[in-house]
S.K.: 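My structure is below; once you've seen it, I'll send some questions.
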Amino acid sequence: MMTPTPRIGLGYDIHRLEAGRPLILGGLAIPFDKGLFGHSDADVVLHALADACLGAAGLPDIGELFPDTDPAWKGADSRGLLAEVWRRVAERGLTLGNADLVIHAEVPKLSPYKVKMAAAIAAWLKADVAQINVKAKTNEKMGAIGRGEAIACTAVVLLVPSSEA
Ligand code: MG
């Protein structure tokens, strides 16, 4: 039985940037000459967010629930994955308190997309846009992210009992 208190979850994901792939972040197609490589659409934002939701709900991580050896998730739209995660969260009697995300990307510049991304995520989680915060940071040119070889995302999610929402 869930304890009737807010529950916090942390999620993190990183994928490699490669030429000839569409760049999908937070479910949005971002114009850029490279995209993230992975089994699914490699949307690091929705993967980190989904893992934070699962962590807060005390459920297994997305690697366990949606294995990258499963052909069902090949090229999959991560919005479907997030929807399935959110169905399981709701099943546990939990809903969103708030979510805070940091996208770690040297390129492209993401500030024009932050608000649109937050609005889209809010809609998928049946929440208000004020409950979602999306931030973007460069890696100060350091490491793989700083060289523009990868994009990562860190997400923190607070879930609250549905009855208190
Ligand atoms: Mg991933």
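Please read all numbers here as calculations on a predicted model, not as lab measurements.
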S.K.: Salt bridge check: are Arg87 and Glu84 linked by an N-O gap of less than 4.0 Å?
M.R.: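 Yes, Arg87 and Glu84 are salt-bridged.
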S.K.: Can you measure from CD1 (Ile24) to CG (Asp77) and round to the nearest 0.5 angstrom?
M.R.: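 Going from the CD1 atom of Ile24 to the CG atom of Asp77 covers 7.5 Å.
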S.K.: Just to verify, what does Phe66 make a ring-ring contact (aromatic ring centres under 6.0 Å, His included) with, not counting sequence neighbours?
M.R.: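 With neighbours one apart ignored, the set is Trp73.
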S.K.: Measure the NE2-NE2 distance between His39 and His15 for me, rounded to the nearest 0.5 Å.
M.R.: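 Separation between the atoms: 11.0 Å.
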S.K.: Any chance you could measure Met117, atom CE, to Lys135, atom NZ, to the nearest 0.5 Å?
M.R.: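 With rounding to 0.5 Å, CE (Met117) is 13.0 Å from NZ (Lys135).
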S.K.: Taking it one step at a time, do Val107 and Lys109 satisfy side-chain contact (heavy atoms from CB on, under 4.5 Å)?
M.R.: CA-CA 5 Å; Val107 283; Lys109 197 165 170 45; over 6 Å; no
S.K.: Within this structure, what is the OG-CD1 distance for the pair Ser78 and Ile62, rounded to the nearest 0.5 Å?
M.R.: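 One gets 7.5 Å once the value is rounded to the nearest 0.5 Å.
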S.K.: What closest approach, in Å, do Trp124 and Trp86 show between heavy atoms, and which atom pair accounts for it?
M.R.: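 That closest heavy-atom pairing would be O-CD1, 4.2 Å.
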S.K.: Show the nearest heavy-atom pair for residues Asp51 and Gly11, with the distance to one decimal.
M.R.: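 Looks like CB-CA, 4.0 Å.
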S.K.: If I take atom NE2 from residue His47 and atom CG from residue Asp41, how far apart are they, to the nearest 0.5 angstrom?
M.R.: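 Between atom NE2 of His47 and atom CG of Asp41 there are 5.5 Å.
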S.K.: Mind checking the CG-CD1 spacing from Leu17 to Ile151? Nearest 0.5 Å is all I need.
M.R.: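 Separation between the atoms: 4.5 Å.
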S.K.: So which atom in Ala120 and which in Leu28 form the shortest heavy-atom distance, rounded to 0.1 Å?
M.R.: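 Nearest heavy atoms, Ala120 then Leu28: CB-CD2, 4.4 Å.
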S.K.: Work out which heavy atom in Gln131 is nearest to a heavy atom in Leu96; give both atom names and the distance.
M.R.: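 Gln131 and Leu96 have their closest heavy atoms at NE2-O, 3.0 Å.
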S.K.: So, using ring-ring contact (aromatic ring centres under 6.0 Å, His included) as the criterion, who are the partners of His104 when residues are at least two apart?
M.R.: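 Here no residue qualifies.
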S.K.: In this structure, which one of Ile132, Leu46, Val44 forms a side-chain contact (heavy atoms from CB on, under 4.5 Å) with Leu101?
M.R.: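 It is Ile132; the other options fail the test.
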